[in-house]
Visitor: 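Attaching a single structure in structure tokens format; questions to follow.
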Amino acid sequence: MTQITEQTITYRQAVREAMSEALIKDDRVFLMGEDVGRYGGCFNVSEGLLEEFGEERIIDTPLSESGFTGCGIGAAVVGMRPIIEIMTVNFSLLAADQIINTAAILQYMSGGQFNVPVVIRMATGGGKQLGAQHSRSLEGWYAHIPGLKILTPATIDDARGMLWPALEDPDPVLIFENTTLYNSEGILTGNEGEVDIQKAKVRREGNDVSILTYGIGLQKSLKAAEELSKEGIEAEVVDLRVLRPLDNETIFSSVSKTGRAVIVDEGWKSGGISAEISARITEELLYYLDNPVERICGMDVPAPYARHLEQASLPQPETIVKTIKKMGGLHG
Amino acid sequence: MTQITEQTITYRQAVREAMSEALIKDDRVFLMGEDVGRYGGCFNVSEGLLEEFGEERIIDTPLSESGFTGCGIGAAVVGMRPIIEIMTVNFSLLAADQIINTAAILQYMSGGQFNVPVVIRMATGGGKQLGAQHSRSLEGWYAHIPGLKILTPATIDDARGMLWPALEDPDPVLIFENTTLYNSEGILTGNEGEVDIQKAKVRREGNDVSILTYGIGLQKSLKAAEELSKEGIEAEVVDLRVLRPLDNETIFSSVSKTGRAVIVDEGWKSGGISAEISARITEELLYYLDNPVERICGMDVPAPYARHLEQASLPQPETIVKTIKKMGGLHG
Amino acid sequence: MATKKKNATTKKKPLANKSKNLHLLKQMMRIRRLEEKAYELYTQEKIRGFLHLYDGEEAVAVGVIENINEEDAIIATYREHGHALVRGVSMDRIMAELYGKVEGCSGGRGGSMHLYDKVTNFMGGSAIVGNGLPMAIGVGFAYKRQKSDAIACCFFGEGAVDEGEFHESLNLASLWDLPVLFVCENNLYSMGMPFELAEAETNLVKKAEAYNVKGSTVDGMDVLGVQETSEKAIHYIRKKQKPYFLECQTYRYRAHSMFDPERYRSKQEVKEWKKKDPITTFTDYLKHEGMLDDDELDQLNNQVMQEVEASVQFAEEGTDEPLEDITKYVYSDSSGGEL
Amino acid sequence: MATKKKNATTKKKPLANKSKNLHLLKQMMRIRRLEEKAYELYTQEKIRGFLHLYDGEEAVAVGVIENINEEDAIIATYREHGHALVRGVSMDRIMAELYGKVEGCSGGRGGSMHLYDKVTNFMGGSAIVGNGLPMAIGVGFAYKRQKSDAIACCFFGEGAVDEGEFHESLNLASLWDLPVLFVCENNLYSMGMPFELAEAETNLVKKAEAYNVKGSTVDGMDVLGVQETSEKAIHYIRKKQKPYFLECQTYRYRAHSMFDPERYRSKQEVKEWKKKDPITTFTDYLKHEGMLDDDELDQLNNQVMQEVEASVQFAEEGTDEPLEDITKYVYSDSSGGEL
Ligand SMILES: Cc1ncc(C[n+]2csc(CCOP(=O)(O)OP(=O)(O)O)c2C)c(N)n1
Ligand SMILES: Cc1ncc(C[n+]2csc(CCOP(=O)(O)OP(=O)(O)O)c2C)c(N)n1
Ligand SMILES: [Mg+2]
Ligand SMILES: [Mg+2]
């Protein structure tokens, strides 16, 4: 793990502190998943929590994604506030029945009688040469399912601050943590206390083009924005933060201001959340658009192991810069 | 089952005849799934096949979606041509691991060595008051997954003709049969022999607006087109037929001709395949569009049981007509 | 064989609690009449969607739920009218749900396969086979953490035993000593699939033991046998804080659902099983033991028929949910529309 | 206990087939050296991604695969370098795969967790726990239909036993009498989860019997024991056309993968197990039986070291796949781009 100075903290620590805080604040909260205890979490996120909170609160499970995810759902329905950790979104396919056939619809099916206040955390994303079975970004795919709420913390503040409101939310919330972010460092602004899990956030202001992104795409987009700035193009970078329900208001206000939209999403392009955002923008703002909405997404391929291939399949700051510079009517 | 006259045939019979033909033509073909044998298929599609082909070719399985779907995938890899039937797409969530973590990526992961010539048939769709767990249309959702091919037969010819090319296809093909279509009758044109599983098809010509749809949406769209015609609006109805890979060429050529596009999809709107089609159209044809692309889709709600609510949640011909008439610049 | 033993024991307690026995009989009759009426209403298209009836299996729900406390939870399947009814959901609200009315126990949102009732901890009504088991262990897990002595009682068909979720749930329940009663309603068929063709090992108690879960098999046509065995099982669960697996051998008289050509079994087989009908055999037993005479039986019948008719009346007068509420409950805040 | 019995039988055959024994020894040595080199190369960042090493478990892959015929198929996990190697995939092509080169056995597309080789029917290399079992029964199903007497040999860790896919696969394999050898490599941990904390019932053979599948347990550190037991098992499978479950009790020396703080076990425990090292114990046994002297051992070592060095050379000289091929094999027709 990386060295931490007084004021800075890693994304990993932020998630751990968020869980620790929740476990202290509310004794209905417990953490359940594979290797969350003894092992310290497969990405070392829950290190020390077992020692601190004991086996009643930090529960190591056998390899039974459907079983323990459903267990968390059931416990939530009768008053607990479980944090279920599925190691990565790829394994959540084994729990898809419990997430989609139960958590997402129980309240609707029961006429409002049984809500499901469960939080399911999963690691997501590629770029680490883990191959086709371990590198997917399926958060946008889950965002197709009514009844689920989808959060994608991209900053230290959000990693630290999104968990508690998610636990207080009466509905099932899926939190996607991009594996590449765990080691990223930052300074807690102290605003994490008032983190809002309804709205997107403008991370950088600009008038020329709106870059709409989330998760790992944020860092890449900010990097691209700095590059563009040198050439006199000021990009506004919007961190979507919530993939379901999408915050139309923030998206539309940015795009109607800039007249240009680029969506950056590491998930696969075809049928991804990028398409939904693009469609909503053109439905709402067609006559404001100076250019077609651009999508810079993960290539429609399973993740190859070889580094040069995998990197080529993912959005890069250079691609973002090139794409935006090619857009018509941009000075600089 | 409905009465059949000499020349007409039901969608259900068309699927059965297609399976029967495949079982006769190629002894590597077998049908495996829950109740496909003794019961005759949960929608009575495989009635009589057990008697005709015996237990070696028509295999009833226990309730083990992941097990028997994976069994079909494995058998396909070593030379068989399985037809796996998952009763409805809702239960395929229990087989998502095998479909997505194996079938879709095995060839890519193995550097081209092991392809997966399996065909997986599932019933899909709502409108029958079956409630939130039995009424989904997830074909567009599966279309997000690289490596899968997604077919949606909407006509008798396609129900009859798509299976064989799907079996000859070296890659995993998912065929989605809308439950509402099983009883629909039609006349086999005799062209089912040359069914092409790459391309969309224009089912009705028109110059004013393109209605892009598939599956159960086709009938509703054709109905709407007839209505519109009475008012002098000629809609072109494009049956997408293949949701992955999408046939951009046919879509773009129709929309560039009409300048207006309406997508009709019974699946949920947000993050659905309708968004991908809309995004592609505006990316490609922004300056040809007289109006924003419209999407008429299933409402973003789990299916309610009460008939009036469920019907209100689904696209209806009236909605299509109203939406198109509201589009700017249309005479009539 | 379990069956004999049970009958024996039941015989051994002659004038045991007449009122309790009449209660059990009435509960079974209520289910039977409700199902018969539902069938009739389905043919009249008052009830739509899928409809899975419980005729023949009444002794299971009645015998087990008789021992369930108020604070316990029940998780059932799409064949759950009877379970909801004997749990205490009124026939009115069940019938209204089958009609899809706001007055239904799920507000008309669920229908036959999705009966829910918060007041009686009746948690459905899941129509995905095996899907209820993980939910049940979660409920048991919560009760244990909450230091309550409540249990989760999970009903499922023998077909669910083949699903991976059965495997994962039994292992977790046993590993964590969860207070869960797993009630397997073995009616010999999962849709058209005969039990012995679906199971490489048909001894289900042996399967449970492979997770170190205690279990037993009981004649599911014998209401007293089911009641007594499940009483012991539930006592064991509460005392030991461990799960228990109970196989009830029973039979479904009707088609799996309303669209079922029934090619997979013979009329003769159905006839044979009807000889063991839980209601008629128990009625005869009570008469033979002098706990029931014809007048009392007529009385019961009339009460039940009145309740059924009243429920139809109630449902007929039910209201449709307004369209503008369609997105309500997708999320708690009822945000909705473009969700 | 199975272990003892096996040792006994192995002891009983003194000068049995020296060349075979030296072959088994060499196979284990090849795996060990390959893994040691892979570890070294990972620290040098020549190999990336996840890397799961097999040190300590060599006797399992070597003992079982020794009995596999050419036409049989092998389905393994992400910890499969050794299985691929003894199956006949050249060390060159394995090393090149770890390097992500076109010359790799998966063309550089798979990496350590996804080794594939069509020529030797080596079907991966799946990194989803439990995911390989349904594939294995499918392969067995096909072989049976094709009237071949080939079998599917499926390796998986004890952690996979808890997944629903294990349950469904064993029931189907038994129900349909499929020629599948299920080899459970029980190394006592699934990542950091100790076996006894994951299983309510730790007798895995009893679990197999709950599907009516024959099974046995063998000392996975004893290559002859594994070889002989699996030989019998495979004979049973081919003759009876039924599945068999073989538990091999073994131990993983190294961290689960390269990122593993190993908080879950003691150095002492690892040390204890290393005393039973399959290579040293077998070496001592062969020396004691007069089948091996130091010169021969040195020779073997040198041959293996040369093979390893050559494989590194081969991988270093490997070529990167051209970027324009990135969409190749998403579909057979290599359509791609905007798929
Ligand atoms: C996962 C899943 N697969 C298939 C179905 C379709 N289906 C509904 S009920 C049923 C039979 C279940 O049999 P069993 O569990 O024995 O319950 P029973 O109907 O006999 O009470 C099937 C196959 C389903 N609802 N869910
Ligand atoms: C379905 C699934 N869940 C979790 C993981 C993460 N994971 C990879 S290996 C592993 C441990 C598996 O242990 P075991 O099956 O005993 O095999 P071993 O690593 O000991 O050889 C886990 C939890 C995974 N790859 N797949
Ligand atoms: Mg049954
Ligand atoms: Mg292990």
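By convention in this document, chain letters (A, B, ...) are assigned in the order of the sequence lines, proteins followed by strands, and residues within each chain are numbered from 1.
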Visitor: Does anything in residues 106-113 of chain D get under 4.5 Å of chain A by heavy atoms, and if so which residues?
Guide: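 Those residues of residues 106-113 of chain D which have a heavy atom under 4.5 Å from chain A are D/Gly108, D/Arg109, D/Gly110, D/Gly111, D/Met113.
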Visitor: Would one find more than 12 heavy atoms of other residues, nucleotides or ligands at under 6.0 Å from atom OH of D/Tyr253?
Guide: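 Yes - once you tally the heavy atoms of other residues, nucleotides and ligands closer than 6.0 Å, there are more than 12.
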Visitor: Tell me whether A/Tyr305 contacts the main-chain N or O of D/Lys101 through its side chain, where contact means a donor paired with an acceptor under 3.5 Å.
Guide: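 A pair under 3.5 Å: no.
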Visitor: Can you tell me how far apart OH (D/Tyr78) and CG (A/Leu130) are? Round to the nearest 0.5 Å.
Guide: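 That separation rounds to 14.0 Å.
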Visitor: At a heavy-atom separation under 4.5 Å, does D/Leu51 approach chain A through its side chain, its backbone, both, or neither?
Guide: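 Neither part, no heavy atoms under 4.5 Å.
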Visitor: What is the minimum heavy-atom distance between A/Leu309 and D/Ile326, and which atoms define it?
Guide: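 The answer is O-CD1, 3.2 Å.
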Visitor: Give me the contact list for residues 128-139 of chain D versus chain A, heavy atoms only, anything under 4.5 Å, ordered by residue number.
Guide: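 Answer by number: D/Ile128, D/Val129, D/Asn131.
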Visitor: By side-chain hydrogen bond (donor to acceptor under 3.5 Å, both in side chains), which residues pair with A/Asp35, not counting sequence neighbours?
Guide: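 In terms of side-chain hydrogen bond (donor to acceptor under 3.5 Å, both in side chains), with neighbours along the sequence ignored, A/Asp35 is linked to no residue.
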Visitor: Looking at every non-hydrogen atom in both residues, tell me the closest pair between A/Arg38 and D/Pro194 and how far apart they are.
Guide: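 Shortest heavy-atom contact: CD-CD, 4.0 Å.
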Visitor: Take A/Leu94 and D/Glu165 through the side-chain contact (heavy atoms from CB on, under 4.5 Å) test and state the conclusion after the steps.
Guide: CA-CA 9 Å; A/Leu94 288 153; D/Glu165 291 184 336; 3.9 Å; yes
Visitor: List the atom of D/Ala127, the atom of A/Gln133, and the distance in Å for their closest heavy-atom pair.
Guide: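 In terms of heavy atoms, the two residues are closest at N-OE1, 2.6 Å.
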Visitor: Output the option from A/Ala312, A/Ser64, A/Pro302, A/Ala306 having the highest count of non-hydrogen pairs under 4.5 Å with chain D.
Guide: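 Highest number of heavy-atom pairs under 4.5 Å: A/Ser64.
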Visitor: Please list, in residue-number order, every residue in residues 48-58 of chain A that has a heavy atom less than 4.5 Å from any heavy atom of chain D; write 'none' if there are none.
Guide: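 No residue falls under the 4.5 Å cut-off.
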Visitor: Sort out for me which of D/Arg263, D/Met193, D/Glu262, D/His114 touches chain A most, counting heavy-atom pairs under 4.5 Å.
Guide: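 Option with the top pair count is D/Arg263.
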Visitor: Look at A/Glu65, A/Glu34, A/Glu310 and state which one has the largest set of heavy-atom pairs under 4.5 Å with chain D.
Guide: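 Option with the top pair count is A/Glu65.
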Visitor: What are the two closest non-hydrogen atoms of D/Ala198 and A/Pro62, and how far apart are they?
Guide: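 Looks like O-CG, 3.4 Å.
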Visitor: Looking at every non-hydrogen atom in both residues, tell me the closest pair between D/Glu321 and A/His308 and how far apart they are.
Guide: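 Heavy atoms of D/Glu321 and A/His308 come nearest at O-NE2, 2.8 Å.
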Visitor: Working to the nearest 0.5 Å, report the span between CZ of A/Arg307 and CG of D/Asp320.
Guide: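 Interatomic distance, A/Arg307 CZ to D/Asp320 CG, rounded to 0.5 Å: 12.0 Å.
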Visitor: Chain D heavy atoms under 4.5 Å from A/Ser135: which part of the residue, side chain, backbone, both or neither?
Guide: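 When you check distances to chain D, no heavy atom of A/Ser135 falls under 4.5 Å.
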Visitor: Over 60° means perpendicular and under 30° means parallel, so classify the ring planes of A/Tyr39 and D/Tyr264, tilted if in between.
Guide: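 The rings of D/Tyr264 and A/Tyr39 lie parallel, inter-plane angle below 30°.
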Visitor: How far does CG of D/Asp260 sit from CG of A/Asn44, to the nearest 0.5 angstrom?
Guide: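 Output value for this atom pair is 10.0 Å.
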Visitor: Please report the shortest heavy-atom distance between A/Cys42 and D/Met191, naming the atom on each side.
Guide: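 Shortest heavy-atom separation between A/Cys42 and D/Met191 comes out as CB-CE, 3.7 Å.
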